[in-house]
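Here the structure is laid out as structure tokens; the discussion comes afterwards.
Quick note on labels: first sequence line is chain A, next is B, and so on, each numbered from 1.
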Number of protein chains: 2
Amino acid sequence: MDVKADRELRVDAQRNYDAVLAAAHQLFAEKGIDVSMEDVGRAAGVGKGTLYRHFPDKDHLYAAVSVERFAALRDRATELATSDDSWAALSSWLRDFDRSAHHYRGLSARVSEGLGRTDSAVARACEPMKARAKVLLEHAQSAGEISSDLDITAVLTLVSSLPDSYRQGEGSSELIDVVLRGLHA
Amino acid sequence: MDVKADRELRVDAQRNYDAVLAAAHQLFAEKGIDVSMEDVGRAAGVGKGTLYRHFPDKDHLYAAVSVERFAALRDRATELATSDDSWAALSSWLRDFDRSAHHYRGLSARVSEGLGRTDSAVARACEPMKARAKVLLEHAQSAGEISSDLDITAVLTLVSSLPDSYRQGEGSSELIDVVLRGLHA
DNA sequence: ACCTGAACACCGTTCAAGT
DNA sequence: ACCTGAACACCGTTCAAGT
């Protein structure tokens, strides 16, 4: 839980960092990621200067609230890399990624936009996860389960571009199912 | 070309309306749809009041710059409805829709978001096109070419949610191809 | 070293005052 | 009937002044 343990922080600074992150998690869950920085600061009980001292811009805050879920996905990819069914491994992981990317309303679109760029904090936070997912993709490609024309950035960009909430009637298809079907050779 | 001919406008008002629309087309093409209303007004040589008199909010401007392309897609769907290859008709039309939705950077995401709601100006502008596309979808569903679990809103939302520009290396797959593949039974 | 809140820049939208 | 531009509300971000 002690995120950002690499840089030593004064106890009050660490407490503020944690408070901002907790407030962001809660507000994002309640209202989506478009809540204002001002609201996040107020909910955390800190001024804007403090907020921006710890998170240089809103993108860094998005990265910060994602880092634990990205780490879990990274570990999950590492596990799945030993699977003997490379398509099952990849598609199962992509379902998890899809769920995780949509954890907060609006977040998935930011992930999708960020994945291509090198200058994005979210993209940087994705890298270890992406490297492990790349292995899953390459396994599936070697097994001929998915086209070799697609790279891992394309696949993740595609999946995270799916709309936040398209709820249809009872028993209907999820859009992720359509995409996975399209990916499967 | 004389859009909005239903409501009679004074000649100067019509000229301003046209100027705003032309400026929006040009600025959207150059810089994407996130250019400010102020910039659109300035480029058109009108004040903000005039801008908002003709387009009650930015969403209406998005609808206005889309209306001709939506009409073309509506007509195209009507033509294709007589095709005897229902999948070829649907997939060809969806490719056109994909291209059209991405005509201006950022527009596709707005179309995707709007398609579900009833209160959206973009959604209202889509309706006739959507009704004709629904026929194509139902033909393909009757022929067993695509799952009956998907409704036309789901399909259009999915296609327009694709990222604006994911350019991969040479000769690689386009994301629309993946989606169409996933849709085809 | 860290914090605060006033201040700045920008943008969508409104409206009082004009012709 | 239509136009203009000042004004308002909101938001991301910065920074001078404090402890």
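The separation between A:Glu38 atom CD and D:dC11 atom C1' is 8 Å, rounded to whole Å. In this structure, B:Ile33 atom CD1 and C:dC11 atom C1' are separated by 15 Å, rounded to whole Å. Spacing between atom NZ of A:Lys31 and atom P of D:dC10 amounts to 13 Å, rounded to whole angstrom units. As rounded to whole Å, 10 Å separates atom C1' of C:dG12 from atom OH of B:Tyr62. Rounding to whole angstrom units, CZ of residue B:Arg15 and C1' of D:dA1 are separated by 14 Å. The CZ-P distance, from A:Arg42 to D:dC10, rounds to 11 Å in whole Å. Computed from coordinates, the B:Asp57 CG to C:dT14 P distance equals 8 Å when rounded to whole Å. Across the protein-nucleic acid pair, A:Lys58 atom NZ and D:dC11 atom P stand 9 Å apart, rounded to whole Å.
The existence of a salt bridge linking B:Asp18 and B:Arg15 is excluded, since no basic side-chain nitrogen approaches an acidic carboxylate oxygen closer than 4.0 Å. A:Asp39 and A:Arg42 are joined by a salt bridge, as a carboxylate oxygen and a charged side-chain nitrogen come within less than 4.0 angstrom of each other. A:Arg110 has a carboxylate O that lies under 4.0 Å from a charged side-chain N of A:Asp34, or vice versa, which qualifies the two as a salt bridge. In summary, B:Arg76 and B:Glu79 engage in a salt bridge, as defined by a charged side-chain N under 4.0 Å from a carboxylate O. Note on A:Arg124 versus A:Asp59: no salt bridge recorded, every NZ/NE/NH1/NH2 to OD/OE distance being 4.0 Å or above. Note on B:Asp96 versus B:Arg69: no salt bridge recorded, every NZ/NE/NH1/NH2 to OD/OE distance being 4.0 Å or above.
Stem regions for DNA chain C, each three or more consecutive Watson-Crick or G-U pairs with both distances under 3.5 Å and listed by first number, read C:4-8 with D:12-16, C:12-16 with D:4-8.
In summary, the aromatic rings of A:Tyr104 and A:Tyr62 are positioned with their centroids too far apart to meet the 6.0 Å limit.
Formation of a donor-acceptor pair under 3.5 Å by the B:Asp164 side chain with backbone atoms of B:Arg105 is not found in this model. Under the 3.5 Å distance criterion, the side-chain polar atoms of B:Asp57 are matched with a main-chain donor or acceptor of B:His60.
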Between protein and nucleotides 2-6 of chain C, what N or O pairs are separated by less than 3.5 Å?
unit_1, atom_1, unit_2, atom_2, d
C:dC2, OP2, A:Arg53, NH1, 3.1
C:dC3, OP1, A:Asn16, ND2, 2.2
C:dT4, OP2, A:Gly47, N, 3.0
C:dT4, OP2, A:Thr50, OG1, 2.5
C:dG5, O6, A:Gly49, N, 3.0

